[in-house]
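Start at 1 and go down the list; that is how both ligands and their atoms are numbered.
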Amino acid sequence: MAIDLAIVPVAGHGTRLLPSTKSQPKEMLPVGRKPVVQYVVEELASSGMRRILFVTGPGKTSIENHFDINVELISVLRETGKEELLEELEFERKDLQYFYTRQRRQLGLGHAVLCAQPLAGREPVVVALGDSIIGLNAQSDIVRRMTDEFERADADAVIAFETVLREDVVHYGIAKPRVGSNSWSESPTLGEVFVLDDLIEKPAVAEAPSNLAVAARYVFKPAIFDLLAQTPPGKGGEIQLTDAIRLMIQKGGKVLGLQLPASERRFDIGNFESYFQAFVEFALADPRYGPALRDFLRVHLGQEHRPC
Ligand code: UTP
């Protein structure tokens, strides 16, 4: 049976985006015209996912409301002659089923995934972080390619990786690819699949085995849940998904990496620097508002650089 269940953890506190996230989820922040999590769900749907299982927490009910069908709003738009806006609500009608469970204490990403186990059962699952968009306007079928590779190779896990600057490896989980595995070489070409020998969380630049960083999308056999249950709390008392993946590798599991091509970058909405950049990029690409924004920025930046 094709994999069609995606776990989307959205229970984190989002402290790096305070005060914006004090009373609203970071996953609902807009990037261009849509909230982050809508892009995530649209991307998953276009990759064949049919069941979306959100792991939510305190203050996250607006995510559930966003994916409900809002009958009252629809009739208000009809009655007030704003029918053209109904297409903005089209996403509500996608052929998807939504499920919600709670992470009652924010004990880390690994713990959030573990909270999905009673609903996920013993089938393979996709995990997609609710605060990361893949590709401009979520134009990416990376998850479909990952599930295809997962099945073709009978892997235990397939993980998406992005290339980051060498000095930035200190912020990410970094791949140690098996040299000579599949098409991996010291200078990999884009889109390649490789065997993972290890995953190093936030290494020092000098110790990083590559500049390939975990990029918010995973496919797992259900064994991941047993490994998460055995994973002791790590940094900050949190149960880290990275630690469970390492355990999987140490126990002889076949864990593959799939490198994102440059055309399908990861937009991380977890910190202000990359959030601002993502917003500007999506807004500039907007067919209706992008051209005027481009003109505005040109004038604005021109004024800033004008000598006094
Ligand atoms: P982050 O690692 O960015 O953690 O989460 P965070 O707590 O949301 O943010 P900061 O570090 O306080 O700023 C990555 C994804 O995993 C989810 C988040 O909601 C986000 O979508 N997550 C994280 C959980 O669901 N539960 C957790 O305990 C931690």
Exercise. Looking at residues at least two apart in the chain, or sitting in another chain, which of them share a side-chain contact (heavy atoms from CB on, under 4.5 Å) with S47?
Worked result: D141, V143, R144

Problem set entry | Residues in salt bridge (charged side-chain N to carboxylate O under 4.0 Å, His left out) contact with E162, at least two apart in sequence or another chain | R266

Seminar exercise, completed: By chain and number, the residues contacting ligand 1 below 4.0 angstrom (heavy atoms only) are P9, V10, A11, G12, H13, G14, T15, R16, K26, E27, Q103, Q106, L107, G108, L109, A112, G130, D131

Problem set entry | Non-neighbouring partners of K221 that pass side chain to side chain donor-acceptor pair (under 3.5 Å), sequence neighbours left out | D154

Exercise. So R145 and D148, salt bridge (charged side-chain N to carboxylate O under 4.0 Å, His left out) or not? Walk me through it.
Worked result: CA-CA 5 Å; R145 282 179 276 140; D148 285 352; over 6 Å; no

Problem set entry | Pair E149 + R152: basic N to acidic O under 4.0 Å | yes

For this session: Considering non-hydrogen atoms only, spot the tightest contact between A175 and P209 and give its length.
Result: O-CG, 3.5 Å

